[in-house]
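Structure record follows, encoded as C-alpha coordinates.
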Amino acid sequence: MTLATAEITGTRLRAAAQLWQLIGMVFAGLLLAALFQLPDPMIRHDDYPALLADPALFYTKTLSEGRWLNYLWHLREVVTPAWVNYLAYQLLWAIYLGCLVHNAFGREAEIWQRVMVALIAGLCLPWILISQWFNTLIPGMAVLALYAWLATRLNERACRWLMLVFVPVSLMAYTTYPFLILALSLTRAGVARSARDLAGLLALFVASFALGMLAIYSLNYLEHGIFGVPMAEWRNPSPAHDLASALENTKLAWQFLSSLALKGSYANAPLMLLQGAVLAAAVWSVLRQDRWRALYMLSGAALGLGLICLQVIRTGIDMPLRSGGFLWIFFAVFLGLFVISLRDGGRERLSCNLLFGATAVYVIFALMLNHTYARWPQLSRAIAAELQAGQGPVYVTGTYLSLDAAVKSDLQKAHAVAFRLEHLTGREIIMCESKPGACAALPDELRGGLQRNGYEVRPVEGGSVLMLSPVARKEEKMQAARKRRQEG
(Lines give C-alpha, C1' and ligand atoms only; values in the text may rest on other atoms or scores of the structure.)
Protein backbone atom coordinates (compact mmCIF):
# COMPACT_ATOMS: atom_id res chain seq x y z
CA MET A 1 0.00 0.00 0.00
CA THR A 2 1.44 3.35 -1.07
CA LEU A 3 1.41 6.42 1.13
CA ALA A 4 -1.21 8.09 -1.10
CA THR A 5 -3.48 5.05 -0.90
CA ALA A 6 -3.12 4.93 2.88
CA GLU A 7 -4.05 8.61 3.12
CA ILE A 8 -7.14 8.11 0.96
CA THR A 9 -8.20 5.10 3.04
CA GLY A 10 -7.68 7.03 6.26
CA THR A 11 -9.70 9.96 4.96
CA ARG A 12 -12.58 7.67 3.99
CA LEU A 13 -12.54 5.96 7.37
CA ARG A 14 -12.62 9.30 9.18
CA ALA A 15 -15.48 10.48 6.97
CA ALA A 16 -17.43 7.26 7.65
CA ALA A 17 -16.83 7.57 11.38
CA GLN A 18 -17.99 11.20 11.34
CA LEU A 19 -21.12 10.22 9.40
CA TRP A 20 -22.10 7.57 11.94
CA GLN A 21 -21.34 9.98 14.76
CA LEU A 22 -23.69 12.44 13.09
CA ILE A 23 -26.38 9.77 12.69
CA GLY A 24 -25.99 8.79 16.35
CA MET A 25 -26.50 12.37 17.49
CA VAL A 26 -29.57 12.78 15.27
CA PHE A 27 -30.94 9.51 16.63
CA ALA A 28 -30.45 10.77 20.19
CA GLY A 29 -32.28 13.98 19.32
CA LEU A 30 -35.21 12.10 17.82
CA LEU A 31 -35.45 9.90 20.90
CA LEU A 32 -35.37 12.95 23.16
CA ALA A 33 -38.33 14.43 21.30
CA ALA A 34 -40.13 11.07 21.51
CA LEU A 35 -39.25 10.46 25.16
CA PHE A 36 -42.83 9.85 26.30
CA GLN A 37 -43.45 7.38 23.47
CA LEU A 38 -40.44 5.14 24.03
CA PRO A 39 -41.78 2.67 26.63
CA ASP A 40 -45.20 2.24 24.98
CA PRO A 41 -45.61 4.09 21.68
CA MET A 42 -48.94 5.25 20.30
CA ILE A 43 -50.26 2.85 17.61
CA ARG A 44 -53.01 3.74 15.14
CA HIS A 45 -55.81 1.19 14.64
CA ASP A 46 -54.68 0.27 11.11
CA ASP A 47 -51.07 -0.14 12.23
CA TYR A 48 -51.87 -3.17 14.39
CA PRO A 49 -51.82 -5.60 11.44
CA ALA A 50 -48.15 -4.73 10.91
CA LEU A 51 -47.38 -5.07 14.62
CA LEU A 52 -49.06 -8.49 14.72
CA ALA A 53 -47.77 -9.57 11.28
CA ASP A 54 -51.32 -10.25 10.09
CA PRO A 55 -51.44 -9.85 6.27
CA ALA A 56 -55.17 -10.62 6.04
CA LEU A 57 -56.05 -7.42 7.92
CA PHE A 58 -53.85 -5.33 5.62
CA TYR A 59 -54.63 -6.98 2.29
CA THR A 60 -57.27 -4.47 1.13
CA LYS A 61 -54.72 -1.65 1.20
CA THR A 62 -52.80 -3.28 -1.63
CA LEU A 63 -55.75 -2.36 -3.85
CA SER A 64 -56.95 0.93 -2.33
CA GLU A 65 -53.50 2.38 -1.60
CA GLY A 66 -51.00 0.30 -3.58
CA ARG A 67 -48.98 -0.56 -0.46
CA TRP A 68 -47.39 -3.72 -1.86
CA LEU A 69 -44.03 -3.31 -0.11
CA ASN A 70 -45.80 -2.97 3.23
CA TYR A 71 -47.87 -6.06 2.46
CA LEU A 72 -44.70 -8.12 2.01
CA TRP A 73 -43.61 -6.88 5.44
CA HIS A 74 -46.85 -8.26 6.90
CA LEU A 75 -45.96 -11.72 5.58
CA ARG A 76 -43.07 -12.08 8.00
CA GLU A 77 -43.62 -14.56 10.80
CA VAL A 78 -41.52 -12.81 13.44
CA VAL A 79 -43.42 -10.50 15.79
CA THR A 80 -41.38 -8.02 17.82
CA PRO A 81 -42.56 -5.67 20.60
CA ALA A 82 -43.90 -2.27 19.59
CA TRP A 83 -41.11 -0.41 21.37
CA VAL A 84 -38.48 -2.36 19.41
CA ASN A 85 -40.22 -1.48 16.14
CA TYR A 86 -40.46 2.15 17.20
CA LEU A 87 -36.72 2.32 17.91
CA ALA A 88 -35.99 0.66 14.56
CA TYR A 89 -38.19 3.19 12.76
CA GLN A 90 -36.50 6.14 14.49
CA LEU A 91 -33.04 4.73 13.77
CA LEU A 92 -33.81 4.36 10.06
CA TRP A 93 -35.23 7.91 10.03
CA ALA A 94 -32.04 9.14 11.72
CA ILE A 95 -29.92 7.42 9.06
CA TYR A 96 -31.85 9.15 6.29
CA LEU A 97 -31.67 12.56 7.98
CA GLY A 98 -28.01 12.18 8.89
CA CYS A 99 -27.03 11.22 5.34
CA LEU A 100 -29.15 14.05 3.95
CA VAL A 101 -27.39 16.79 5.92
CA HIS A 102 -24.01 15.08 5.45
CA ASN A 103 -24.37 15.42 1.68
CA ALA A 104 -26.16 18.78 1.75
CA PHE A 105 -23.50 20.63 3.76
CA GLY A 106 -20.28 18.63 3.73
CA ARG A 107 -17.63 20.76 5.35
CA GLU A 108 -19.69 23.95 5.09
CA ALA A 109 -21.28 23.34 8.49
CA GLU A 110 -20.08 22.09 11.87
CA ILE A 111 -21.45 18.75 13.01
CA TRP A 112 -23.73 20.36 15.62
CA GLN A 113 -25.21 22.58 12.92
CA ARG A 114 -25.93 19.57 10.73
CA VAL A 115 -27.57 17.77 13.66
CA MET A 116 -29.87 20.71 14.29
CA VAL A 117 -30.85 21.02 10.64
CA ALA A 118 -31.63 17.29 10.61
CA LEU A 119 -33.84 17.62 13.69
CA ILE A 120 -35.76 20.55 12.18
CA ALA A 121 -36.35 18.47 9.05
CA GLY A 122 -37.38 15.37 10.98
CA LEU A 123 -39.49 16.77 13.82
CA CYS A 124 -42.11 18.80 11.93
CA LEU A 125 -45.75 17.99 12.64
CA PRO A 126 -46.37 15.87 9.50
CA TRP A 127 -43.52 13.49 10.38
CA ILE A 128 -44.69 13.24 14.00
CA LEU A 129 -48.16 12.31 12.75
CA ILE A 130 -46.97 9.69 10.25
CA SER A 131 -44.64 8.12 12.85
CA GLN A 132 -47.70 6.67 14.57
CA TRP A 133 -47.82 4.11 11.76
CA PHE A 134 -44.24 3.09 12.51
CA ASN A 135 -44.90 -0.65 12.43
CA THR A 136 -46.24 -0.44 8.89
CA LEU A 137 -43.65 2.00 7.57
CA ILE A 138 -40.47 0.22 8.68
CA PRO A 139 -39.78 -1.34 5.23
CA GLY A 140 -40.35 1.98 3.45
CA MET A 141 -38.09 3.76 5.90
CA ALA A 142 -35.46 1.06 5.38
CA VAL A 143 -35.56 1.76 1.63
CA LEU A 144 -35.06 5.49 2.28
CA ALA A 145 -32.22 4.82 4.72
CA LEU A 146 -30.46 2.48 2.29
CA TYR A 147 -30.72 4.94 -0.59
CA ALA A 148 -29.52 7.81 1.62
CA TRP A 149 -26.52 5.77 2.76
CA LEU A 150 -25.70 4.83 -0.83
CA ALA A 151 -25.88 8.53 -1.70
CA THR A 152 -22.95 9.13 0.68
CA ARG A 153 -20.92 6.40 -1.03
CA LEU A 154 -21.76 6.85 -4.73
CA ASN A 155 -21.49 9.76 -7.11
CA GLU A 156 -24.56 11.77 -8.11
CA ARG A 157 -24.85 10.16 -11.53
CA ALA A 158 -25.08 6.65 -10.05
CA CYS A 159 -27.60 7.80 -7.44
CA ARG A 160 -29.84 9.27 -10.10
CA TRP A 161 -30.00 6.06 -12.07
CA LEU A 162 -30.81 4.20 -8.85
CA MET A 163 -34.02 6.28 -8.72
CA LEU A 164 -35.44 3.91 -11.32
CA VAL A 165 -35.38 1.22 -8.63
CA PHE A 166 -35.79 3.08 -5.35
CA VAL A 167 -38.57 5.49 -6.34
CA PRO A 168 -41.02 2.73 -7.45
CA VAL A 169 -40.23 0.60 -4.39
CA SER A 170 -40.63 3.51 -1.95
CA LEU A 171 -43.89 4.48 -3.66
CA MET A 172 -45.26 1.08 -2.64
CA ALA A 173 -44.63 2.02 0.99
CA TYR A 174 -45.97 5.58 1.19
CA THR A 175 -47.01 7.99 -1.54
CA THR A 176 -44.67 10.86 -0.68
CA TYR A 177 -41.57 8.81 0.16
CA PRO A 178 -40.26 9.21 -3.42
CA PHE A 179 -40.00 12.97 -2.79
CA LEU A 180 -37.52 12.22 0.00
CA ILE A 181 -35.37 10.35 -2.51
CA LEU A 182 -35.55 13.28 -4.91
CA ALA A 183 -34.61 15.66 -2.09
CA LEU A 184 -31.27 13.90 -1.64
CA SER A 185 -30.25 14.88 -5.16
CA LEU A 186 -31.73 18.37 -5.08
CA THR A 187 -29.99 19.35 -1.83
CA ARG A 188 -26.63 17.74 -2.54
CA ALA A 189 -23.61 20.03 -2.28
CA GLY A 190 -20.64 20.10 -4.60
CA VAL A 191 -22.40 19.21 -7.85
CA ALA A 192 -22.63 21.15 -11.11
CA ARG A 193 -26.05 22.72 -11.60
CA SER A 194 -27.77 24.05 -14.68
CA ALA A 195 -31.21 24.35 -16.24
CA ARG A 196 -30.52 21.35 -18.47
CA ASP A 197 -29.33 19.23 -15.55
CA LEU A 198 -32.35 20.17 -13.42
CA ALA A 199 -34.75 19.35 -16.24
CA GLY A 200 -33.06 16.00 -16.75
CA LEU A 201 -33.19 15.18 -13.02
CA LEU A 202 -36.88 16.05 -12.72
CA ALA A 203 -37.70 14.15 -15.90
CA LEU A 204 -35.90 11.08 -14.55
CA PHE A 205 -37.80 11.36 -11.29
CA VAL A 206 -41.17 11.71 -13.02
CA ALA A 207 -40.33 8.69 -15.17
CA SER A 208 -39.38 6.71 -12.06
CA PHE A 209 -42.61 7.78 -10.35
CA ALA A 210 -44.63 6.77 -13.40
CA LEU A 211 -42.82 3.42 -13.44
CA GLY A 212 -43.85 2.93 -9.81
CA MET A 213 -47.48 3.73 -10.59
CA LEU A 214 -47.40 1.32 -13.52
CA ALA A 215 -45.99 -1.40 -11.26
CA ILE A 216 -48.74 -0.81 -8.67
CA TYR A 217 -51.46 -0.80 -11.33
CA SER A 218 -50.07 -4.01 -12.81
CA LEU A 219 -49.90 -5.78 -9.47
CA ASN A 220 -53.45 -4.70 -8.69
CA TYR A 221 -54.60 -6.05 -12.05
CA LEU A 222 -52.84 -9.37 -11.56
CA GLU A 223 -54.10 -9.81 -7.99
CA HIS A 224 -57.43 -7.96 -7.90
CA GLY A 225 -58.40 -7.71 -11.57
CA ILE A 226 -58.41 -3.89 -11.45
CA PHE A 227 -55.86 -1.82 -13.37
CA GLY A 228 -55.64 1.19 -11.08
CA VAL A 229 -55.99 2.28 -7.46
CA PRO A 230 -59.66 2.86 -6.57
CA MET A 231 -59.99 5.37 -3.75
CA ALA A 232 -61.30 4.03 -0.44
CA GLU A 233 -64.63 5.43 0.73
CA TRP A 234 -63.15 6.86 3.93
CA ARG A 235 -61.18 9.31 1.77
CA ASN A 236 -64.48 10.86 0.60
CA PRO A 237 -63.59 10.80 -3.11
CA SER A 238 -65.46 13.05 -5.55
CA PRO A 239 -63.65 12.50 -8.89
CA ALA A 240 -63.55 15.37 -11.35
CA HIS A 241 -65.55 14.55 -14.48
CA ASP A 242 -65.70 17.98 -16.09
CA LEU A 243 -64.30 21.48 -15.76
CA ALA A 244 -66.83 22.52 -13.12
CA SER A 245 -66.07 19.57 -10.83
CA ALA A 246 -62.33 20.08 -11.33
CA LEU A 247 -62.67 23.72 -10.30
CA GLU A 248 -64.70 22.63 -7.28
CA ASN A 249 -61.94 20.23 -6.27
CA THR A 250 -59.37 23.00 -6.46
CA LYS A 251 -60.97 24.27 -3.25
CA LEU A 252 -59.87 21.01 -1.59
CA ALA A 253 -56.35 21.56 -2.87
CA TRP A 254 -56.35 25.07 -1.43
CA GLN A 255 -57.68 23.75 1.88
CA PHE A 256 -54.81 21.27 1.97
CA LEU A 257 -52.23 24.00 1.32
CA SER A 258 -53.68 26.37 3.90
CA SER A 259 -53.95 23.54 6.44
CA LEU A 260 -50.34 22.61 5.74
CA ALA A 261 -49.24 26.17 6.51
CA LEU A 262 -51.28 26.66 9.68
CA LYS A 263 -51.53 23.17 11.17
CA GLY A 264 -47.96 22.49 10.11
CA SER A 265 -47.11 25.27 12.56
CA TYR A 266 -49.05 23.44 15.29
CA ALA A 267 -52.10 25.65 14.58
CA ASN A 268 -50.12 28.58 15.95
CA ALA A 269 -50.60 31.64 13.72
CA PRO A 270 -47.62 33.64 15.11
CA LEU A 271 -45.36 30.62 14.61
CA MET A 272 -46.68 30.24 11.05
CA LEU A 273 -45.88 33.88 10.28
CA LEU A 274 -42.46 33.59 11.90
CA GLN A 275 -41.61 30.45 9.95
CA GLY A 276 -42.80 32.09 6.74
CA ALA A 277 -40.62 35.13 7.37
CA VAL A 278 -37.55 33.03 8.14
CA LEU A 279 -38.15 30.87 5.07
CA ALA A 280 -38.53 33.93 2.83
CA ALA A 281 -35.28 35.40 4.19
CA ALA A 282 -33.47 32.09 3.77
CA VAL A 283 -34.68 31.58 0.20
CA TRP A 284 -33.72 35.15 -0.73
CA SER A 285 -30.28 34.69 0.81
CA VAL A 286 -29.59 31.44 -1.05
CA LEU A 287 -30.93 32.90 -4.32
CA ARG A 288 -28.45 35.75 -4.03
CA GLN A 289 -25.48 33.51 -3.26
CA ASP A 290 -26.20 30.43 -5.39
CA ARG A 291 -29.23 30.90 -7.61
CA TRP A 292 -29.27 27.39 -9.04
CA ARG A 293 -28.94 25.74 -5.65
CA ALA A 294 -32.08 27.56 -4.52
CA LEU A 295 -33.93 26.83 -7.76
CA TYR A 296 -33.19 23.11 -7.46
CA MET A 297 -34.82 22.92 -4.04
CA LEU A 298 -37.73 25.18 -4.98
CA SER A 299 -38.36 23.02 -8.05
CA GLY A 300 -38.52 19.89 -5.89
CA ALA A 301 -40.97 21.48 -3.48
CA ALA A 302 -43.10 22.77 -6.36
CA LEU A 303 -43.11 19.40 -8.13
CA GLY A 304 -44.15 17.57 -4.96
CA LEU A 305 -46.92 20.03 -4.16
CA GLY A 306 -48.02 20.04 -7.78
CA LEU A 307 -48.39 16.26 -7.92
CA ILE A 308 -50.31 16.21 -4.63
CA CYS A 309 -52.67 19.00 -5.72
CA LEU A 310 -53.18 17.31 -9.07
CA GLN A 311 -54.21 14.13 -7.26
CA VAL A 312 -56.62 16.09 -5.07
CA ILE A 313 -58.18 17.86 -8.06
CA ARG A 314 -58.43 14.63 -10.05
CA THR A 315 -59.93 12.47 -7.30
CA GLY A 316 -61.48 14.99 -4.90
CA ILE A 317 -60.05 13.20 -1.87
CA ASP A 318 -59.22 14.69 1.51
CA MET A 319 -55.41 14.81 1.55
CA PRO A 320 -54.00 14.37 5.08
CA LEU A 321 -51.58 16.89 6.54
CA ARG A 322 -48.90 14.22 6.91
CA SER A 323 -48.54 14.08 3.11
CA GLY A 324 -46.64 17.38 3.11
CA GLY A 325 -43.76 16.44 5.38
CA PHE A 326 -41.22 16.43 2.56
CA LEU A 327 -41.47 20.24 2.36
CA TRP A 328 -39.71 20.56 5.70
CA ILE A 329 -36.67 18.83 4.22
CA PHE A 330 -36.21 21.79 1.89
CA PHE A 331 -37.14 24.29 4.61
CA ALA A 332 -34.47 22.90 6.93
CA VAL A 333 -31.75 22.93 4.27
CA PHE A 334 -32.65 26.49 3.25
CA LEU A 335 -32.44 27.49 6.91
CA GLY A 336 -29.09 25.75 7.32
CA LEU A 337 -27.62 27.54 4.31
CA PHE A 338 -29.01 30.84 5.61
CA VAL A 339 -27.35 30.27 8.98
CA ILE A 340 -24.04 29.52 7.28
CA SER A 341 -24.27 32.71 5.24
CA LEU A 342 -24.92 34.72 8.39
CA ARG A 343 -21.94 33.10 10.06
CA ASP A 344 -19.65 33.74 7.11
CA GLY A 345 -20.93 37.31 6.93
CA GLY A 346 -19.70 38.05 10.45
CA ARG A 347 -23.01 37.50 12.25
CA GLU A 348 -22.05 34.35 14.09
CA ARG A 349 -24.08 35.07 17.23
CA LEU A 350 -27.23 35.72 15.19
CA SER A 351 -26.68 32.55 13.18
CA CYS A 352 -26.24 30.45 16.34
CA ASN A 353 -29.28 31.97 18.04
CA LEU A 354 -31.45 31.43 14.97
CA LEU A 355 -30.49 27.78 14.57
CA PHE A 356 -30.68 27.02 18.30
CA GLY A 357 -34.04 28.77 18.57
CA ALA A 358 -35.57 26.99 15.59
CA THR A 359 -34.35 23.60 16.79
CA ALA A 360 -35.63 24.23 20.32
CA VAL A 361 -39.08 25.12 18.96
CA TYR A 362 -39.32 21.90 16.96
CA VAL A 363 -38.01 19.69 19.76
CA ILE A 364 -40.30 21.26 22.37
CA PHE A 365 -43.43 21.08 20.21
CA ALA A 366 -42.64 17.48 19.24
CA LEU A 367 -42.09 16.59 22.90
CA MET A 368 -45.41 18.18 23.88
CA LEU A 369 -47.30 16.42 21.08
CA ASN A 370 -45.78 13.06 21.93
CA HIS A 371 -46.71 13.62 25.57
CA THR A 372 -50.32 14.21 24.50
CA TYR A 373 -50.38 11.06 22.38
CA ALA A 374 -48.91 9.06 25.25
CA ARG A 375 -52.08 9.65 27.31
CA TRP A 376 -54.06 6.94 25.51
CA PRO A 377 -51.41 4.20 25.95
CA GLN A 378 -51.20 5.16 29.63
CA LEU A 379 -54.98 5.04 30.18
CA SER A 380 -55.41 1.82 28.21
CA ARG A 381 -52.75 0.11 30.32
CA ALA A 382 -54.70 1.05 33.45
CA ILE A 383 -57.92 -0.32 31.93
CA ALA A 384 -56.18 -3.50 30.82
CA ALA A 385 -54.80 -4.05 34.31
CA GLU A 386 -58.37 -4.18 35.66
CA LEU A 387 -59.50 -6.48 32.86
CA GLN A 388 -56.70 -8.97 33.44
CA ALA A 389 -58.51 -10.52 36.40
CA GLY A 390 -61.49 -11.65 34.31
CA GLN A 391 -62.03 -14.15 31.51
CA GLY A 392 -64.16 -14.30 28.40
CA PRO A 393 -65.20 -11.44 26.13
CA VAL A 394 -65.18 -7.81 27.19
CA TYR A 395 -68.24 -5.75 26.21
CA VAL A 396 -67.47 -2.05 25.87
CA THR A 397 -70.56 0.14 26.34
CA GLY A 398 -70.83 3.89 25.82
CA THR A 399 -68.46 5.64 23.41
CA TYR A 400 -64.69 5.76 23.37
CA LEU A 401 -65.04 9.45 22.46
CA SER A 402 -66.11 10.13 26.06
CA LEU A 403 -62.54 9.47 27.17
CA ASP A 404 -60.46 12.63 27.25
CA ALA A 405 -57.29 10.66 26.50
CA ALA A 406 -58.90 9.08 23.43
CA VAL A 407 -60.02 12.48 22.09
CA LYS A 408 -56.68 14.16 22.80
CA SER A 409 -54.86 11.27 21.13
CA ASP A 410 -57.25 11.59 18.18
CA LEU A 411 -58.35 7.96 18.06
CA GLN A 412 -59.96 7.61 14.65
CA LYS A 413 -62.19 4.56 15.10
CA ALA A 414 -63.55 2.22 17.74
CA HIS A 415 -61.16 -0.37 16.29
CA ALA A 416 -58.34 1.52 18.01
CA VAL A 417 -59.78 0.63 21.42
CA ALA A 418 -60.58 -2.95 20.45
CA PHE A 419 -57.13 -3.66 18.98
CA ARG A 420 -55.34 -2.03 21.90
CA LEU A 421 -57.20 -3.79 24.70
CA GLU A 422 -57.17 -7.12 22.92
CA HIS A 423 -53.42 -6.78 22.41
CA LEU A 424 -52.87 -5.99 26.10
CA THR A 425 -55.28 -8.53 27.62
CA GLY A 426 -55.60 -11.33 25.05
CA ARG A 427 -59.39 -11.18 25.53
CA GLU A 428 -62.01 -10.63 22.84
CA ILE A 429 -63.16 -7.00 22.81
CA ILE A 430 -66.69 -6.26 21.60
CA MET A 431 -67.46 -2.59 20.95
CA CYS A 432 -71.20 -2.21 21.58
CA GLU A 433 -71.03 1.20 19.93
CA SER A 434 -70.36 -0.41 16.54
CA LYS A 435 -71.88 -3.86 17.22
CA PRO A 436 -75.06 -3.23 19.25
CA GLY A 437 -76.52 -6.62 18.34
CA ALA A 438 -73.68 -8.45 20.10
CA CYS A 439 -74.52 -6.59 23.32
CA ALA A 440 -78.30 -6.97 23.24
CA ALA A 441 -78.31 -9.52 26.07
CA LEU A 442 -76.63 -7.18 28.54
CA PRO A 443 -78.78 -5.64 31.29
CA ASP A 444 -80.10 -2.17 30.44
CA GLU A 445 -78.12 -0.48 33.20
CA LEU A 446 -74.88 -1.86 31.71
CA ARG A 447 -75.76 -1.42 28.04
CA GLY A 448 -76.61 2.24 28.60
CA GLY A 449 -73.05 3.05 29.62
CA LEU A 450 -71.59 4.92 32.56
CA GLN A 451 -73.51 7.96 33.75
CA ARG A 452 -70.35 9.93 34.46
CA ASN A 453 -66.96 10.56 32.92
CA GLY A 454 -64.22 7.94 33.13
CA TYR A 455 -64.65 4.18 33.02
CA GLU A 456 -65.73 1.28 35.20
CA VAL A 457 -65.21 -2.48 34.87
CA ARG A 458 -68.00 -4.82 35.99
CA PRO A 459 -68.09 -8.60 35.86
CA VAL A 460 -70.94 -10.41 34.09
CA GLU A 461 -71.58 -14.07 33.50
CA GLY A 462 -68.96 -15.36 31.09
CA GLY A 463 -67.17 -12.06 30.65
CA SER A 464 -66.77 -8.42 31.69
CA VAL A 465 -68.30 -5.07 30.82
CA LEU A 466 -66.16 -1.98 30.36
CA MET A 467 -68.55 0.91 30.89
CA LEU A 468 -67.82 4.27 29.29
CA SER A 469 -69.99 7.36 29.18
CA PRO A 470 -72.35 7.58 26.17
CA VAL A 471 -71.68 11.33 25.93
CA ALA A 472 -68.88 12.20 23.51
CA ARG A 473 -66.33 14.79 24.54
CA LYS A 474 -66.68 16.27 21.05
CA GLU A 475 -70.10 15.97 19.46
CA GLU A 476 -68.78 16.45 15.95
CA LYS A 477 -66.54 13.43 16.40
CA MET A 478 -69.51 11.45 17.62
CA GLN A 479 -71.44 12.41 14.51
CA ALA A 480 -68.52 11.42 12.32
CA ALA A 481 -68.34 8.07 14.10
CA ARG A 482 -72.07 7.49 13.50
CA LYS A 483 -71.62 8.32 9.82
CA ARG A 484 -68.78 5.82 9.49
CA ARG A 485 -70.90 3.12 11.14
CA GLN A 486 -73.81 3.85 8.79
CA GLU A 487 -71.53 3.71 5.75
CA GLY A 488 -69.89 0.52 7.01
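Nothing fancy with the numbering, it's 1 onward along the sequence. Predicted model, so just to flag it, every value in this text is computed and none were measured. Atoms considered below: every heavy atom in the structure, side chains included; atoms not considered: hydrogens, waters and symmetry mates.
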Side-chain H-bond candidate by donor/acceptor type, Trp68 with Asn220, under 3.5 Å: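 Per modelled atom types, Trp68 and Asn220 side chains form a pair under 3.5 Å.
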Under 6.0 Å from the [atom1] atom of [X], do we count more than 12 heavy atoms belonging to anything else shown?
X	atom1	result
Phe227	CZ	yes
Arg347	CZ	no
His415	NE2	no
Lys263	NZ	no
Glu223	CD	yes

Check for a donor-acceptor pair, side chain of [X] on one end and backbone N or O of [Y] on the other, with a separation under 3.5 Å.
X	Y	value
Tyr89	Val84	no
Ser409	Ala406	no
Ser131	Ile128	yes
Asn249	Ser238	yes
Thr250	Leu247	yes
Arg420	Pro377	yes

Is there a side-chain contact between [X] and [Y], using heavy atoms and a 4.5 Å cut-off?
X	Y	value
Ile308	Thr176	yes
Leu337	Met297	yes
Leu295	Arg193	no
Phe338	Ser341	yes
Leu38	Leu87	yes
Leu35	Gln37	no
Ile216	Met172	yes
Leu303	Phe209	no

Hey, what do you get for [atom1] ([X]) to [atom2] ([Y]), rounding to the nearest 0.5 Å?
X	Y	atom1	atom2	result
Tyr373	Met42	OH	CE	7.5 Å
Ile340	Glu108	CD1	CD	5.0 Å
Leu335	Gln113	CG	CD	10.5 Å
Leu201	Arg196	CG	CZ	14.0 Å
Leu51	His74	CG	NE2	9.5 Å
Leu202	Ser299	CG	OG	6.0 Å

Residue pairs passing the ring pair (Phe, Tyr, Trp, His ring centres under 6.0 Å) test where at least one lies in residues 157-178, sequence neighbours excluded: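 Every ring pair (Phe, Tyr, Trp, His ring centres under 6.0 Å) pair that includes a residue of residues 157-178, provided the two are not neighbours, is Tyr147-Phe166, Tyr174-Tyr177.
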I need the minimum non-hydrogen distance between [X] and [Y], along with the two atoms involved.
X	Y	answer
Tyr296	Leu198	OH-N, 3.3 Å
Ala34	Tyr86	CB-OH, 3.2 Å
Ala121	Ile329	CB-CD1, 3.9 Å
Ile43	Ala82	CD1-CB, 3.8 Å
Val229	Ser64	CG1-O, 3.2 Å
Val78	Arg76	O-NE, 3.0 Å

Worked verdict on Leu164 versus Leu204 for side-chain contact (heavy atoms from CB on, under 4.5 Å): CA-CA 8 Å; Leu164 291 169; Leu204 179 61; 4.0 Å; yes
Verdict with reasoning, Asp242 to Ser245, per side chain to side chain donor-acceptor pair (under 3.5 Å): CA-CA 6 Å; Asp242 55 23; Ser245 58; 2.9 Å; yes
Side chain to side chain donor-acceptor pair (under 3.5 Å): pairs with one or both residues in residues 47-57, sequence neighbours excluded: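 Listed by first then second residue: Asp47-Asn135, Asp47-Thr136.
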Pair Tyr96-Trp93, ring-ring contact (aromatic ring centres under 6.0 Å, His included): steps then yes or no: CA-CA 5 Å; Tyr96 172 85; Trp93 187 218; 5.6 Å; yes
From CA spacing to verdict: side-chain contact (heavy atoms from CB on, under 4.5 Å), Leu144, Leu92: CA-CA 8 Å; Leu144 293 178; Leu92 293 170; over 6 Å; no
Within 45° cone and under 6.0 Å: Arg67 NZ/CZ vs Phe58 ring: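 No, Arg67 does not sit over the ring of Phe58.
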Could you list the donor-acceptor pairs under 3.5 angstrom formed between side-chain atoms of residues 353-371 and any protein atom two or more places apart in sequence or on another chain?
| unit_1 | atom_1 | unit_2 | atom_2 | d |
| --- | --- | --- | --- | --- |
| Asn353 | ND2 | Arg349 | O | 3.3 |
| Thr359 | OG1 | Leu355 | O | 2.8 |
| Tyr362 | OH | Gln275 | OE1 | 2.1 |
| Tyr362 | OH | Trp328 | NE1 | 3.0 |
| Asn370 | ND2 | Ala33 | O | 2.9 |
| Asn370 | ND2 | Ala366 | O | 3.1 |

Phe330 and Leu186: CA distance, side-chain angles, deciding distance, side-chain contact (heavy atoms from CB on, under 4.5 Å) verdict: CA-CA 9 Å; Phe330 299 114; Leu186 293 173; 4.0 Å; yes
Test log, rule side-chain contact (heavy atoms from CB on, under 4.5 Å), inputs Val339 and Val117: CA-CA 10 Å; Val339 165; Val117 171; over 6 Å; no
